[in-house]
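Written out below as structure tokens is the structure these notes cover.
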Number of protein chains: 2
Amino acid sequence: MPNILTKTFLILAAIFSILHDVPAQEAVASELQTARRNLMPVPASVNWKNGRLPVTKSFNVSVAGVTDERLKAYIFRVMRRMEGRTLIEFSRDLESVPVNAKLFINTYNDGNAVPKLGDDESYNLEITANQAKLTAPTTVGAMRGLETLLQLLDGDKDGFYFPAVSIQDKPRFAWRGLMIDSARHFQPMEVLKRNLDAMAAVKLNVLHWHLSEDQGFRVETKQFPELYQMGSDGNFHTQTEIREIIKYAADRGIRVMPEFDMPGHATAWLVSHPEIGSGASGQTYKIERNPGIFDPTLDPTNEKTYKLLEVFFKEMSALFPDAYMHIGGDENEGKQWNANPKIQVFMREKGIKNNHELQTYFNKRLLVFLQKEGKTMMGWDEIFQPDLPKDVVIHSWRGQKALAEAAKQGFQGVLSNGYYIDLMFPAAQHYAVDPIAADTTLTPEEQKRILGGEATMWSEWVSPETIDSRIWTRTAAIAERLWSPREVNQVEDMYRRLAVIDGQLEELGLTHRKNQLVLLRRLANTQDISALQTLVSIIEPVKEYRRYQVRPQTMLSPLTGLIDAAQADAPNARVFNRAVDEMLAGTKTSENEAKIRSMLVEWRMTEADLQKIMGNSPALAEAKQLSIDFQNLNQIALDALDNLNKKQVQNADWRDAKLKILAEIAKPKAALEFAVVSGVEKLIVAASEQKKAVQ
Amino acid sequence: MPNILTKTFLILAAIFSILHDVPAQEAVASELQTARRNLMPVPASVNWKNGRLPVTKSFNVSVAGVTDERLKAYIFRVMRRMEGRTLIEFSRDLESVPVNAKLFINTYNDGNAVPKLGDDESYNLEITANQAKLTAPTTVGAMRGLETLLQLLDGDKDGFYFPAVSIQDKPRFAWRGLMIDSARHFQPMEVLKRNLDAMAAVKLNVLHWHLSEDQGFRVETKQFPELYQMGSDGNFHTQTEIREIIKYAADRGIRVMPEFDMPGHATAWLVSHPEIGSGASGQTYKIERNPGIFDPTLDPTNEKTYKLLEVFFKEMSALFPDAYMHIGGDENEGKQWNANPKIQVFMREKGIKNNHELQTYFNKRLLVFLQKEGKTMMGWDEIFQPDLPKDVVIHSWRGQKALAEAAKQGFQGVLSNGYYIDLMFPAAQHYAVDPIAADTTLTPEEQKRILGGEATMWSEWVSPETIDSRIWTRTAAIAERLWSPREVNQVEDMYRRLAVIDGQLEELGLTHRKNQLVLLRRLANTQDISALQTLVSIIEPVKEYRRYQVRPQTMLSPLTGLIDAAQADAPNARVFNRAVDEMLAGTKTSENEAKIRSMLVEWRMTEADLQKIMGNSPALAEAKQLSIDFQNLNQIALDALDNLNKKQVQNADWRDAKLKILAEIAKPKAALEFAVVSGVEKLIVAASEQKKAVQ
């Protein structure tokens, strides 16, 4: 109840001074929306039919063909999620007679108990008024179909139902991953588990687990316990836990591929094993606390290095059943190599011309160990070298071009450039990145070598409290890019469906939505955070690598600031900017003007509350200027809108004065920026050009 | 953004038709509030001083005396929580020179690594402008003091600080528990851990863990694996997990006492061991799915029963280090005993006159096993029998009188009657219950036998998703009752402080606040749930055992309904009812009238949205009438308020017509009821009496 009286006054004042004309909003469902409903990723083929299959207490399931325990457990969980949504308690017994079941699942074989690259994930789903029939060659295909089924669950005044539909579905790419960096910030079991659940919900099939870094070594090894004992601050996963994660993932049709990054990004190894580092003799190492690229590098000229790694990879190869082992290989700048006379002598003696060749020498030595254990090597772009065996997989942070180059030379590849979700770009930007561009020059055979892609959750600035909000829901858009046909690419419809998935992920325990409020309440030190919520709905963290530049922190710093509460794709900013674009383009002009105006009015109403919250909380002091900017921003936006409305063409001086204010507002504060600046800029420019005035 | 246009119109209309006079709200800090600030439980003695100890990057900690790992780890966690609130990264190294530290902790001995009843939990905390000095006889005392310190952390425009203060503190009762029933609904590790953190935050020191029931047997036993294999649906804790919980609790100064409820509430045992049941020979048992009291009972006349229990308690006594073993003993109605001829013969032969005596015979047999393992027996009221050894602890669900009776006969006791948090009563009601009434007739020596109390989280209707919201924050009020002096009993001040604790608990991962929104979003199947939030802020689940009566479910039913989202102590209802009481009593009349009116106006503004949400969601269909009631309720409340305001005295007919409408509204729907009914009733009656008109 606080502030309601103040608000009432503000509402009155704001409405009277500003409000002109408020038409009713229309909800126009496009054909596209009808065609796709809320499915994400969109299946390969969907044909909607007439009719609906009601979901009532008698809804039951029958399974024929191969019925392994994995599938039964999956069905059990799906039914519990349906119960959660419908409040209906369904029978926990499977129906033995298929025609008596409302959901009949038929699988031909149980596939691999531990999923493998290239597993058949296809399924057919036919829903009529009598039955939903899910057919799949493998257990995993049935799992994918069950997630589609859950997305089809709908309800209206007549109750819950599945719409009649015929779906034939299979993925476009076989490798659809999420990389979680558990090294820079350790992520506990529940974070991994709930994210595996979310991955399954959007049909991702690889957890790429980044387990060693300058900032931490996160795996129990029986052979070298000192690695995690001295390199993890006590934050590591036991082998029992790792097996638990692998099983949890396999139960959801998800592979788990570990990454041990080397020869660079290896400081944490050297804390306990300085003798295999490339530094001067006697150099000691400490766990790195800063983000960035660091000098400590494994010594590729030292046989001790290989002795350790051979034993290590043998142990890890047994622990992780996946056929692929990621060795990192990125960002080795070779400074220690250049500075080490012994290494220089070694290179001369072996005829190794440069550091890239030296790293290739290192990789080839590792390759022998991995091949002995039946593993295929994967690494970042830097490992690419034409004379490596052709089954090595190149993981590209450099981009499609590098990937295509590798494919042309016969290598398989996985794309992550464009899918760096840690950089806080909007979902639309990731969504537009295709592992194989439409205008590719690759031959069909070469195209087959592009296995897919991976969203990468680098964890410099995420804690267990915030990581979900960095991964989701944008990763669902990447999942769609990797599963659905290339032609599924309508951005607005993607965002519409993303909002639905956003809610569904919460039922899996994901905290992407709810923890924002926790952070805001802690920052404001009050329960009444509506003004702060309004602000956060239009600001975003700075993009790319600017966060550290403008607001440096270490791996030990608290991640509980306003920037940690703010998220990419600020929802109201997108609505605002779109309304501006449409209005200025002459689309639904008055409706969009009303929408813009009502948002600005609502923002004005929160200005006083916001300043009060900011003034009271020292934890928000760094962001105080944002509340002043907010006021100025609203002011100039309303001013521009009024001019547009009254068709008063302002001159260049007026425009430049406004743009100057806007330029100040646009500068990041507390590493946060207003995501509505571009929309407001357009309003100002339009009000001075008056080319496209409001009708 | 949805509905903002509609809302704007409604705001206009509502304000114009209704609004009269809106004075500014005043914030009057009472002396009491100043004296207690946000401390909860209130310490035994607090003396505020002038000055403040700033909390800046140089804030550091020094520890002298005994410095065990437990304390160091506690300090580490406290510092991380301070970092989370302040955004300041503190040094992780302890300062070696006490005078150079901002926080100096001095403990004299490390106490018991596994806490014991009666451990010294006292501490002194002296904060000056230079240093906070925490002195405690034991590690656990220091932990209690550290939680007080965290509650003192404050901030303003000059930054974060601790106020200067002198605190001498110790608990009133030695036994301050929370019982968690993991049997009816299994609770996973993270639920237990985060609740242990919350318990420590409010200085509770016993986790009473209810582990077997008709509905489930939740503990791994190596001796009788069939007990959990057949009696738990796979939902049980391994012994490794149990040890992990015991250690987690001990690290926070909390004892873990297990309960194995017998001879009744024992169906889950009999699924695998029907031979020790009291039913007819050959009877089989299934895990119970309903709530209630059931017939299956262990057979106290069968030596096989004792053979099993002797081995079982030996194993459990080794697993659980606590000195107390709770054997339940409640609600054995003896129906199987009455019906079993063999048992009747046994009773005649042994001269056992009735079922109570037979249960005492059973208890005495158990007692031998427990004593052999060095355990003290505890049980519910029913085990009370004058010739039991005097160290047996009586756990009272019957009430203070039963407890006092036992104390008079020399037994120790713990109170839970009045602390049944599953019954959805407001915090104030629990807060008013004192284990030793002020007018007690017990002698001081007898009073010492009242060890304390326990909040009981019976889990018929809680899932891992909702359990936190049933335990917290009301349990903090019970914790204060058990720790603080009896004289600390001001209800409004308790609620004020409870709201602060409410926020602080979120930093420990508690979901009591955030999961409500998750539930509401799932129910409404939309992100825009503000109207539903408004409704939920004034409705409460039905009290006591009415839920099952009006809305029966089983242990397998989904707990995702509106009733599961609603909480006891609906926050806005309390504000509303209090404003009515004050206004009618002539206290701050116009201010309170304005407050009431603005709430009603806000509620009216949400009526349309609410009906739309309710109409769209089949999961809310059961609660649809609430949205109509809501409209009628607002209407008659505003009508009454208007009459009061205009001093128009209405007659009895008018009054009775309104009260009749109100009576219909007051009836529970979907097991929910409006918590503002009493306030509205007072408005109606006052408008017809017009004894206390608005000025």
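Source: prediction; values computed, not measured. Just so it is clear: chains get the letters A, B, ... in the order the sequence lines come, proteins before strands, and each one is counted from 1.
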Query raised in the report: Do Glu190(B) and Arg194(B) meet the salt-bridge criterion of a basic N to acidic O distance under 4.0 Å?
Result: no
Query raised in the report: Does any heavy atom of chain B fall under 4.5 Å from the side chain of Ser557(A), the backbone, both, or neither of them?
Result: both
**Report entry** Basic-acidic side-chain contact under 4.0 Å: Arg522(B), Asp564(B)
**Finding:** no
Query raised in the report: When heavy-atom pairs shorter than 4.5 Å are enumerated against chain A, which of Arg92(B), Glu507(B), Arg513(B) gives the highest number?
Result: Arg92(B)
Report task. Answer with side chain, backbone, both or neither: which region of Gln553(B) has an atom nearer than 4.5 Å to a non-hydrogen atom of chain A? Result -> neither
**Report entry** Leading residue by heavy atom contact count with chain B [cutoff under 4.5 Å; candidates Thr86(A), Leu519(A), Leu556(A)]
**Finding:** Leu556(A)
Query raised in the report: Is it true that Arg52(A) and Asp156(A) have a side-chain N and a carboxylate O under 4.0 angstrom from each other?
Result: yes
Requested in this report: With a 4.5 Å cut-off on heavy-atom pairs, point out which of Gln527(B), Lys157(B), Met189(B) contacts chain A the most.
Outcome: Gln527(B)
Report summary line: When every non-hydrogen atom of Ile613(A) is compared with those of Leu620(A), the smallest separation belongs to CG2-CD1, 3.7 Å
Query raised in the report: Of the backbone (N, CA, C, O) and the side chain (C-beta and beyond), which part of Gln504(A) lies under 4.5 Å from a heavy atom of chain B, both, or neither?
Result: neither
Report task. Kindly give the heavy-atom pair with the smallest separation between Trp603(B) and Val676(B), and that separation in Å. Result -> CH2-CG1, 4.1 Å
Requested in this report: Please look at Asp502(A) and chain B and tell me whether the side chain, the backbone, both or neither of the residue comes under 4.5 angstrom of a heavy atom of that chain.
Outcome: both
Query raised in the report: Given that the side chain runs from C-beta out, which part of Thr554(A) has a heavy atom under 4.5 Å from chain B: side chain, backbone, both or neither?
Result: both
Report task. Name the option with the most non-hydrogen atom pairs under 4.5 Å to chain A; the candidates are Glu465(B), Glu506(B), Arg85(B), Arg80(B). Result -> Glu506(B)
Query raised in the report: Taking it one step at a time, do Ser617(B) and Asn525(B) satisfy side-chain hydrogen bond (donor to acceptor under 3.5 Å, both in side chains)?
Result: CA-CA 7 Å; Ser617(B) 164; Asn525(B) 195 21; over 6 Å; no
